[in-house]
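Order of the sequence lines fixes the chain letters, A, B, ..., with proteins taken first and strands second; residue numbering starts at 1 for each chain.
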Amino acid sequence: MSVSHSISDARRSIPSWDELVRVLTLEEYNTRVVVLGVMALGTAAGLVGTFLLLRKRALTADALSHATLPGIAIAFMVMVSFGGDGKTLVGLLLGAFVFGCVGVLAILGIRHTTRLKDDAAIGIVLSVLFGLGLCLLRIATELPNGSAAGLSGFIFGKAASMVASDAMTMGMVALGTAIVTAVLRKEWTLLCFDEKFGEVQGWPVLWLDVVLMVLVATVTVIALQSVGLVLAVAMLIIPAASARYWTTKITSMLIASALIGCMSGWLGAVGSALIPRMPTGPVIVLICGFWFVFSFIVGPNEGLLIRQVSRVRLNRRIALQHILRSMWEVCEDNNKSEFALESIVHVRSWNKRTVLKLLRYCAKKNYVTSLPTNAWRLTEKGKAEASRVVRNHRLWEVYLITYADIAPTHVDRDADMIEHVLGRDLVQKLEALLDSKTIPLSPHPIGASE
Amino acid sequence: MKIEAGHSPTSPVSIHDLTVAYHRKPVLWDVDLDIPEGKLIAIVGPNGAGKSTLIKAVMDLVPKASGKVMIYGKSFKKQRKLVAYVPQRESVDWDFPIDALGVVVMGRYNKIGWCKSVRKRDTQAAMEALDRVGMTDYAHRQISQLSGGQQQRVFLARALAQDSTIYFMDEPFASVDAATEKAIVKVLRDLRSSGKTVVVVHHDLQTVREYFDHVILLNMRVVAHGPVDEVFTDANLKKTYGGRLTLLSEAADRLARH
Amino acid sequence: MMWSEIDTWIIVIGALCAAGCAIPGTILVLRRMSLMGDAISHTVLPGIAIAFLVTGSRDPMAMLIGAVVVGLLTAFLVQAIQSLGKVEVGASMGIVFTVLFAFGLVLMRQAVDHVDIDPDCVLYGSIELAWFDQDPDGLGIPRGAIVNGVMLLANLIVMLLFYKEFKITSFDPALAKSQGIHPSFMHYLLMTMTAATAVAAFETVGSILVVAMFIVPPATAYLLTNRYGMMFILAIGLSILAAALGHVSAITVPTWFGFSGTSTAGAMAVATGFLFICAWVASPSQGVLAKLWHRASMRLRVIREDILGVLWRLEERGQQQLDALQLSEAIGATRWMVLVALRGLQKKDSIAREDAHWSLTERGRIRATKLVRAHRLWEIYLDKHFPQDSHQLHQSAERLEHVTTPSMYSSLGDAKEDPHGSRVPGDE
């Protein structure tokens, strides 16, 4: 028995150009149905998933999707016993929906009446109801009328079995989801960000929560047919989690998440139609996963790359300011305008190589020039920059001593950290506050705290 | 001083025999008091004394074991619009994808009503509120990029945007910088001079005299309450913070098992 | 029902498998990491799929290594995404295990020509067929029993070796670190155990039902005991019970409705759930029933003590004794509860009845004196520390008198008169 049937079970070879064009332009009826269906699903899941993720309920949704299995089996059995063939999609999904909700209620019940925490409650409901579903599914195959063989398709998804009316259902659900999300955007934002505040303002937070979870259940249920219940949760959370790396605004996060979900659906369905033996559901999830990794690394909001770059930049700026200050202070001490490398090494607890590297960097920026006598000299530009840094630093020191009751020996270290975030306007404020335009003398012996 | 049994119907907040229990363990016992109008009121007491619980119970955020609370003589549900709340800063996820202005606009949500989007005048009101706490420059910053004190000021601005009559603030001075502390104090005084009532859960005994008019000393029960000059005495503080009250918490533990 | 040797072996294999899972499962539940078990058991699939593709065979060692490596990768990725990507832990798990599981499914579809693997087995396990899978020199012991038995033994050994280390890292990671036990070492040790157990068990019960074996028996044990060591023993016992119960009900319950039987692995998961519900309802310390019973008996005790108090005060004032109806009005309890309380007091020979009226006996009077003394001492105490009007003092003392222990008595001190001017009865 196979995991699932992709659209292109019969094909084995690498797709030709014609095939590619045909699939991409949705010329084939079968492909069109599946592609449009999963695109609608991806959009709906991306929208609802955003709030699900912000509400920190990702794994509750996982339990919900596993809990639908007994619902499907029971719905099948009920329909067969009433004389149907038991495969009416609406009936099966209704059963799935009811049991999904039962699962969520069971989690809440366990959490509120025992000392078990969320994680155990989710795990219990997920595994026990899934086990129950497997038992019932086995029993269902023995029913005299109707064949239960296709029911296990809901576990891993079976996109190939989708017909036009299923895609229509998915489209309607996606549309409904988009409308509800747009209408309740403000209320759900409040619910997810600060529930207690919403309660004080008089919003029915419980009902907002219920509507959100019902919508999650609906989207999960329509995901069963194409992605399967094991992977349904991926459609909900991965697009939303990826979207967070691109924006800091809820509206744009919703749009980004819906787009990523939609794109993943499209690429996944097309991919599985083109490449032989690629089950649609898992391929869609893999593409979602790819989006996540991509966003995680290059996303402009807290993405790995951008954080690394800005950290390196900040470190370099701090080091530059440190060395400028050291040079300035050494010159101030000796009353000379040139200094030896060793004197910097002496002031800062850095090794020679680091100092040399930094000095070269300063030279590149035209702050210092190296003299033939193995000494260095601050240029005019370097002097200006160094005196600005030192002024900042000492202003801070004085400010801290005057206003914050910090012992003078501790100030240097604090100022080292703060001056790098000190903006121009703040310096001006400090100057006004301290009534001092000149560079104040260091209030402690230089180098004392290093 | 003894507290009178009779309650004034014109008091902004009058609390009648309020008892609150978590898992059957009482954290507030028979609290009974009227909060005076147009004053800055501090709730002071040791950790676990039920300070936050008291204001949460007033706003129906925690269930009451017994007793009732009246806001200007009516139940909280009917008077919701008169109340603004500044929760503890730790109570929310500051990585949430929203900017400072977005948080402050939340204070206007109940004025905007169901399903409608934010209007221009709400954004304006929110900007004014941000201005009052000196945060105009940060309106479009994502909230995780604000310092702790700035986050606290955003919360305060959100309450100001509600334009209410009674303000409840849960530890607004907790670990904030000097600039924020000054900004909050200024806002508190502004609120008082425009006749609002402000109830603040406060943890810093040093500043009570300077900042507040009225004080409620709390340690599971009300030890004393009244004008700062009369009530904020060494003797009362000793009673509030003294170890003599272990007996009561021991009894509370036993009641929890009851 | 026809019982055969096969059924016995099914139960033995199921029990060995479930007991093996219960050991890491207990630690997972205690550390509130149950869902890590869920995530790792899902990612067994890509692990074995990779092993299949690489070796082209069903070599158990290759499968074990593949699954453990991917399991550890799962644990690592979950943590990395959580800390580097600022994603909440639940979502981070959801992302990692779904993507890896999807990857496993795709690999299996691709490999279906090369190796003989049955994706259904991943889901349901094949415990029903386990008996037929015997090594020629296996002395008639099925391979499944050997694999799960070895895993159980290995888990037992690791658990006993690191017994207190697991205890301390679960309870207080900072303290553990200060004593030289590395929490992250323990974390990955646990993850290795979990992954290895999951791969050993997946052939028996399938990769999703392993989750039931990991989480449900330990969670049930958690409701039954407060002791760390006892939790392991109970979890193992419960999982063995669930395995037996599961198989028996799999082959019996459906026959009641005219079906031939159902999935044993599924039924074992349901059995763990059934045992959990039993503990949830009827656990002697944590159960819903126990809590209700405790509450009701406490309420009755309060009413009994209130009756004694009322009767004592009537005697003090020399007033007429009351009947049951009047008592229920005086106390503010339902008449039915008061009648039960009166019966209890009468049995203990604390009160006696004349006509319809109740009065204190000598024994009852001693108890009542103590209660009234506690009440009035509490009023004095509260009045001293929390000045309030007398009505409120009385109300608070009314509740406090019921929870006064002998040690509290001594700290309450001594006095002759309460704030209302009533006499404080002596402590004789």
Side-chain angles (χ1 to χ4, degrees), chain A residues 1-4 6 53 56-62 66 110 113-124 126-139 142 152 155-156 230-231 233-234 237-238 240-241 244-245 277-279 281-286 288-289 292 296 302 304, chain C residues 29 32-35 37-38 42 81 84-88 90-91 93-95 98-99 101-106 108-110 112 118-120 123-124 206 208-216 218-219 222-223 250 254 257 259-263 265-270 272-273 276 280 286 288:
Chain A
M1 212 203 232
S2 66
V3 174
S4 109
S6 75
L53 184 82
K56 303 196 163 69
R57 290 268 176 76
L59 291 179
T60 307
D62 191 31
H66 282 76
I110 293 174
T113 58
T114 72
R115 55 176 172 171
L116 288 164
K117 303 297 175 302
D118 241 6
D119 66 315
I122 290 172
I124 291 166
L126 180 152
S127 57
V128 171
L129 283 180
F130 188 74
L132 180 67
L134 287 184
C135 288
L136 293 173
L137 222 54
R138 183 73 64 88
I139 290 173
E142 285 182 29
S152 59
I155 297 175
F156 292 127
V230 182
L231 294 175
V233 68
I237 54 172
I238 303 183
R244 272 197 85 162
Y245 294 107
R277 280 181 299 158
M278 278 287 182
V283 171
I284 296 175
V285 174
L286 276 182
C288 284
F292 178 78
F296 178 62
E302 304 278 354
L304 214 53
Chain C
V29 168
R32 297 179 192 171
M33 284 170 35
S34 316
L35 292 169
D38 177 37
H42 277 83
I81 291 180
L84 287 177
K86 292 195 175 178
V87 176
E88 169 243 345
M93 273 185 218
I95 293 165
T98 52
V99 171
F101 192 74
F103 182 60
L105 285 177
V106 169
M108 274 185 124
R109 283 281 293 152
Q110 294 293 311
V112 89
D118 181 3
D120 262 17
L123 212 55
Y124 312 104
I208 295 174
L209 295 181
V210 175
V211 185
M213 303 293 181
F214 273 134
I215 302 174
V216 191
Y222 192 58
L223 296 184
F257 305 97
F259 299 102
S260 69
T262 186
S263 151
M268 283 179 181
V270 176
T272 60
F276 175 77
W280 186 8
Q286 303 284 321
V288 175

A:E302 side chain to C:K86 main-chain N or O, any donor-acceptor pair under 3.5 Å?
-> no
Could you tell me whether the side chain of A:I124 reaches within less than 4.5 Å of the side chain of C:F276, counting heavy atoms only?
-> yes
Looking at side-chain heavy atoms only, is the closest gap between C:V270 and A:C135 below 4.5 Å?
-> yes
Between C:L84, C:I81, C:V87, which shows the greatest number of heavy-atom pairs under 4.5 Å with chain A?
-> C:L84
A:I122 vs C:D38 side-chain heavy atoms within contact, under 4.5 Å = no
Go through the atoms of C:Y222 and report whether side chain, backbone, both or neither lie under 4.5 Å from a heavy atom of chain A.
-> both
Closest-packed option against chain A by number of heavy-atom pairs under 4.5 Å, given C:A102, C:G104, C:G94, C:G261 = C:A102
Interchain contact, A:L132 with chain C, by part (heavy-atom threshold 4.5 Å) = both
Heavy-atom pairs under 4.5 Å with chain A, option from C:S263, C:P254, C:A267 with the top count = C:S263
Quick check: are there more than 12 heavy atoms from other residues, nucleotides or ligands sitting under 6.0 Å from CZ of C:F103?
-> no
Name the member of A:R138, A:R115, A:H66 that forms the most heavy-atom pairs with chain C at distances under 4.5 Å.
-> A:R115
Which distance, rounded to the nearest 0.5 Å, do you find between the OG1 of C:T262 and the CG of A:L136?
-> 7.0 Å
Flag the one option from A:T114, A:I139, A:I155 with the top tally of heavy-atom pairs under 4.5 Å to chain C.
-> A:I139
Which one, A:T60, A:V233, A:V283, A:V285, leads in non-hydrogen pairs under 4.5 Å with chain C?
-> A:V285
Non-hydrogen atoms of chain C under 4.5 Å away: do they reach the side chain of A:A241, the backbone, both or neither?
-> side chain
Let me see the working for A:T113 and C:W280 under side chain to side chain donor-acceptor pair (under 3.5 Å), right down to the final yes or no.
-> CA-CA 8 Å; A:T113 58; C:W280 186 8; 2.8 Å; yes
Is it true that a side-chain atom of A:D119 and a backbone atom of C:S34 form a donor plus acceptor pair closer than 3.5 Å?
-> yes
Under 4.5 Å, counting heavy-atom pairs only, tell me which of A:L129, A:L116, A:V230 racks up the most with chain C.
-> A:L116
Indicate yes or no: does A:K56 engage C:E88 in a salt bridge with an N to O separation below 4.0 Å.
-> no
Turns out that what part of C:M268 lies under 4.5 Å from chain A's heavy atoms comes down to neither
Heavy-atom distance under 4.5 Å to chain C: side chain of A:L126, backbone, both or neither?
-> side chain
Chain C contact via A:I284 - side chain, backbone, both or neither, heavy atoms under 4.5 Å = neither
Heavy-atom pair count under 4.5 Å with chain C, highest-scoring of A:L304, A:L53, A:D118, A:I110 | A:I110
